[in-house]
Amino acid sequence: MHETTWDVIIIGGGHAGCEAAAAAARFGARTLLVTHKLETIGEMSCNPAIGGVGKGHLVREIDALDGLMGRVADQAGIQFRLLNRRKGPAVHGPRTQADRKLYREAMQAAIQQTENLSLLGQPVDDILVEEGRACGVITEAGETHRAGAVVLTTGTFLDGIIHIGTERVPAGRHGEAPAITLSKRLYGLAEQTGALTMGRMKTGTPARLDGRTIATEKLEAQPADAAPVPFSFLTEKIIVPQTVCYITHTNQATFDIIEENILQSPVYSGQIAGVGPRYCPAIEDKVARFPERKSHQIFLEPEGLDDPTVYPNGISTSLPAALQDRFIRTIVGLEEVKIIRPGYAIEYDYVDPKALLPSLELKALPGLYLAGQINGTTGYEEAAGQGLVAGLNAARAAAGQEAVYFDRAEAYLGVMVDDLVTKGVSEPYRMFTARAEYRLTLRADNADQRLTEKGIAAGLVGPKRAKAFRAKMAALTDARTKAASWTMTPNEAGTKGMHIRADGTRRTMTELLAYPSIDWADLQAVWPEMGTWTRDIRQQIETDALYAGYLDRQQADIDAFRRDEALSLPSDIDYLALEGMATEVRQKLAAARPVTLGQAARMDGMTPAALTLLLHHARKNQRGLAKAASK
Amino acid sequence: MSQNGAGETIFALSTGAGRAALAVIRLSGPEVDGALAQLGIKNLPKPRMAALRKLYHPTNNQLLDEALVLRFVAPRSFTGEDMAELHVHGGLAVTQSILAALASLAMCRPAEAGDFTRRAVLHGKMDLTGAEAIADLIDAEGGAQQAQALRQMNGSLRAVMEGWREALKTTLAHVEADIEFADEDLPGGLGQRALEGVPAMLSAMQAHVEDRRGLALRDGLRVALLGAPNAGKSSILNRLAGKDAAIVSARAGTTRDVIEVAMLLEGVPITLVDTAGLREAGDDIEREGVRRAKLQAEEADIRLLVLSPDTKNPLGEAASMADIDIAICNKADLGAVPEAELANMGAIETVSLSTVQGSTAQSDDETVLLAALQELVRARAGAKETPVLTRERHRQALGEACVALDRALTIADTGLELAAEDLRLAQRALGRITGAVDIEQLLDIVFADFCIGK
Ligand SMILES: Cc1cc2nc3c(=O)[nH]c(=O)nc-3n(C[C@H](O)[C@H](O)[C@H](O)COP(=O)(O)OP(=O)(O)OC[C@H]3O[C@@H](n4cnc5c(N)ncnc54)[C@H](O)[C@@H]3O)c2cc1C
């Protein structure tokens with residue numbers, strides 16, 4: 001019987017799986033990626049776009065840690081737009097429409113070029129468990145592959161069922177088989193240990209249209225940015241040709257058809273019980289929830305430069321195919337449209353992520369890490385981010401090293417993982433910048449400054465990026481030092497045409513730049529060296545100036561946050577036996593086993609009384625640790 | 001956060017010390033029942049049912065008292081923990097012996113000041129303003145203070161803060177929607193429009209910050225009598241204190257040579273202050289007198305200046321009179337106070353008093369003075385029907401919220417995300433007076449109000 005041995009095995013070649021595999025391999029682990037079909041590696045199941053507000057931040061962080069998504073998107077992006085350009089840098093959202101084929105090809109190439117990474121195109125049937133640890137996989141063909149750690153990233157495939165009207169087809173994605181035995185394995189684990197909870201979620205996708213049958217001349221065009229801003233800190237220039245999207249709207253006639261037939265949608269007929277995302281509602285949901293709105297915006301997004309398929313963003317639906325055809329044809333520009341493939345809803349299993357440690361290891365089965373949609377999230381970027389964290393930690397565990405965590409004050413990755421494992425999910429989880437307490441600090445533009453050094457230390461960043469990063473930091477530090485040492489009095493400024501309050505105080509260049517009435521050119525006239533700084537450096541200095549007082553206040557908050565995070569809770573507290581705490585709180589703590597006092601404080605239903613007691617334990621623990629260290 | 005906040009079992013004598021018919025000892029914490037058992041109560045009374053039980057010393061089994069025992073089971077108790085009340089006989093020996101018996105048990109310890117209320121807050125039985133109100137209620141000396149504390153205990157202040165926080169939460173949710181869903185078809189300028197309600201809220205908050213009446217009522221008012229040694233301050237003090245006012249305590253000849261009389265006026269505790277010791281003549285001493293008088297004036301909430309035809313204004317003719325509330329022209333029977341002395345008085349109320357020494361009958365003059373003073377007390381500290389800030393900490397937090405909101409309004413055009421940051425700071429400042437906002441609640445508002453999602 002065929003048997004191989006690896007450091008890490010990744011199940012699933014979606015967005016989570018690719019990042020997980022690449023991260024483990026970059027760390028140096030001998031990694032095997034097992035996925036249904038090698039041809040679907042890097043497939044975009046739903047809308048052909050990467051990034052956005054919050055999601056774009058994640059892509060930059062993945063890139064700062066030398067991950068794949070940013071670089072791949074830069075090679076596949078056909079309509080780059082920086083969202084929120086008119087707002088401040090903290091909420092700028094890099095986004096691009098992606099050519100589905102280019103993306104898949106670039107991802108597959110990146111995976112193939114990754115050292116230490118091997119591929120296997122087979123369905124996985126089961127996880128090999130020995131002595132209470134996950135130690136490999138068993139494929140449908142009956143092969144056994146062993147590993148020190150396993151990462152499961154099966155997306156929407158766990159017991160997936162596609163719904164179109166009353167039709168129900170078991171599938172992981174259009175035209176692909178679901179993963180049923182793995183689902184059973186997890187349910188079995190849930191039953192056996194009582195330490196994880198499974199649930200059902202749903203999501204949907206719109207019909208795909210033949211772009212050659214769309215009357216685009218009637219529609220408003222939305223062009224790409226004139227100067228596309230790449231995702232990757234290593235990409236100098238976007239060379240893929242850029243294209244346009246078109247915008248159209250639903251109308252009263254669309255509304256009427258959907259409203260009349262709403263009971264034919266499986267969501268409303270009761271056929272689907274899974275919870276769907278509020279921010280990606282089906283058009284049926286929009287009609288039912290906002291009956292006063294007759295018109296909803298639709299973006300017609302090309303799926304590729306040489307692919308006529310168009311993705312109509314905004315009308316995800318699971319109505320019967322004939323009805324989809326009818327309502328879509330009521331829309332301006334789509335009167336004569338040919339539908340390539342109807343939309344559908346998909347229902348699938350997910351694991352309540354509260355069952356995970358912050359390393360994304362399953363508490364109930366050491367050695368098994370979960371990442372991506374399986375954890376109740378939605379979106380490529382969210383999946384990829386978790387993949388990176390899980391892949392890294394699986395590789396470190398296999399090498400006998402401690403897990404690496406990202407905290408809420410340094411990365412959206414940290415915010416996401418902490419939200420998932422601490423609070424769990426009640427609907428598919430998507431990243432928002434509002435989820436980050438320290439939003440002004442966690443910007444897309446400084447992801448490298450926040451994370452690359454840590455990535456180097458964690459063994460995740462290759463030499464090429466490390467070198468580029470160090471060069472950039474040297475230049476940035478130099479510029480910042482100068483910006484803080486170049487000063488002028490109000491008088492001197494006045495003679496240069498910059499008018500500020502004459503209080504005799506010397507102000508630094510950064511302070512002067514913060515005045516709305518003073519711009520870069522004014523200052524460059526005084527300090528010509530500013531003209532030699534790169535765009536990126538200039539942007540950092542400008543942000544420093546714009547956010548001045550705010551960043552200081554935020555740093556004070558971050559310090560307070562870190563103090564609570566530094567109070568680690570002993571892993572052997574018997575929560576059920578703790579006195580002076582409500583039974584419900586004790587049970588919650590026993591199930592969650594928070595790692596730090598800060599994490600405990602973020603759990604739902606925690607009372608200050610319970611925290612006071614925990615603080616006592618954390619302090620005791622700290623004293624214990626200090627004593628042990630001094631011995 | 002102190003670590004003795006929860007977990008241990010505490011006890012304390014909850015009624016006043018000294019001889020009395022009854023005394024109540026309270027216990028709270030996980031070991032309450034254990035402690036009762038140690039006191040020889042084999043048969044625990046049902047929760048919330050009073051029952052008579054004999055109490056014995058845990059080691060020598062000596063009978064200590066026969067008490068009415070009342071149990072409350074967590075979380076349905078004042079502190080949210082298991083609690084018991086022992087209604088015992090109020091003698092010194094009885095109470096001391098029972099407290100000593102409890103203290104001898106390893107499972108419990110004497111409570112520190114405020115322990116019971118702190119636990120109630122920690123267990124979410126009341127918010128901070130509620131806890132503060134309980135303390136104020138216990139300390140209340142006058143009816144107006146009592147009314148104010150009761151209103152706050154019933155959540156009036158919390159309601160105002162929560163109301164503002166709710167409103168800010170909605171504002172923030174709309175601003176966040178504008179930031180988060182940049183490429184969705186949301187109403188244009190959503191964030192800016194959400195901020196339109198802020199200026200009104202801000203001025204309401206500022207009005208609260210500026211209104212010091214709640215604090216003044218809680219702390220009581222200091223009324224300083226200023227004037228030259230022979231102007232008749234002391235007699236006025238005595239006459240005021242001896243008439244409508246109830247004397248609570250009188251303290252004379254403190255180190256600073258100041259006489260203070262405590263009284264209640266309009267239900268507000270008042271401390272009447274008279275500076276003595278300005279008798280000696282000589283330029284240096286006189287200067288020192290002026291200095292002291294000014295110091296007294298600075299510390300006081302209300303300032304009465306006593307003038308008479310036969311003395312000089314100790315503040316000096318040129319001194320600013322802006323801070324004087326009432327000028328009393330004493331010894332009106334000796335003649336009028338020279339015009340020059342009153343020259344800088346402006347719109348200050350002047351009251352003339354005659355020197356009707358020794359009379360207990362209330363002269364009209366005094367009624368006028370008292371009425372003027374009452375009027376002032378009402379204005380500065382009178383009980384208000386609307387909730388007010390009662391602590392400096394409230395004012396500080398609310399002041400911070402105001403600063404943040406003000407900044408949010410100015411910055412919104414250049415950085416909506418900075419306005420969001422300030423809205424969050426404002427909310428947090430308000431929350432320091434009561435609770436906290438979380439992101440899921442924010443998203444709930446976003447999704448309830450808008451159709452988001454392509
Ligand atoms: C119909 C649909 C609609 C969606 N709509 C949206 C949307 O509107 N907005 C949004 O943000 N996101 C949407 N998504 C979600 C987005 O596609 C996912 O969040 C993202 O792809 C998740 O990445 P993943 O890596 O977790 O899983 P996937 O990308 O689903 O990858 C799973 C991989 O695992 C492999 N696999 C599964 N089981 C096995 C097995 N037993 N053995 C071997 N390999 C296996 C599969 O072949 C696949 O390669 C939608 C997804 C679907 C299917």
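The chains referred to below are lettered A, B, ... by the order of the sequence lines, with proteins before strands, and numbering in each begins at 1.
Between B/E417 and A/N84, the closest side-chain pair of non-hydrogen atoms is not below 4.5 Å. For the pair A/R553 and B/E421, the minimum side-chain heavy-atom distance is 4.5 Å or more.
Proximity of a side-chain donor or acceptor of B/E180 to a complementary backbone N or O of A/F432 within less than 3.5 Å is not detected.
Heavy atoms closer than 4.5 Å to chain B are found in the side chain of A/Q554, but not in its backbone. If you measure heavy-atom distances from A/P312 to chain B, you find no contacts under 4.5 Å at all. Looking at A/R439, the atoms closer than 4.5 Å to chain B (heavy atoms on both sides) all sit in the side chain, from C-beta outward. Proximity to chain A (any heavy atom under 4.5 Å) is shown, for B/D178, by both the backbone and the side chain.
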- prompt: Under the salt bridge (Lys or Arg N to Asp or Glu O under 4.0 Å) criterion, do B/R428 and A/D557 qualify, and how do the steps go?
  reply: CA-CA 12 Å; B/R428 204 169 64 179; A/D557 288 350; 3.2 Å; yes

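Below 4.5 Å, heavy atoms of chain A meet heavy atoms from B/R407, B/I411, all part of residues 405-412 of chain B.
Annotation: A/Q555, atom CD; neighbour count of heavy atoms from other residues, nucleotides and ligands within 6.0 Å is above 12. Counting non-hydrogen atoms of neighbouring residues, nucleotides and ligands closer than 6.0 angstrom, the CZ atom of B/R76 reaches no more than 12 such neighbours.
Rounding to the nearest 0.5 Å gives a distance of 11.0 Å between CG of B/D413 and CZ of A/R86.
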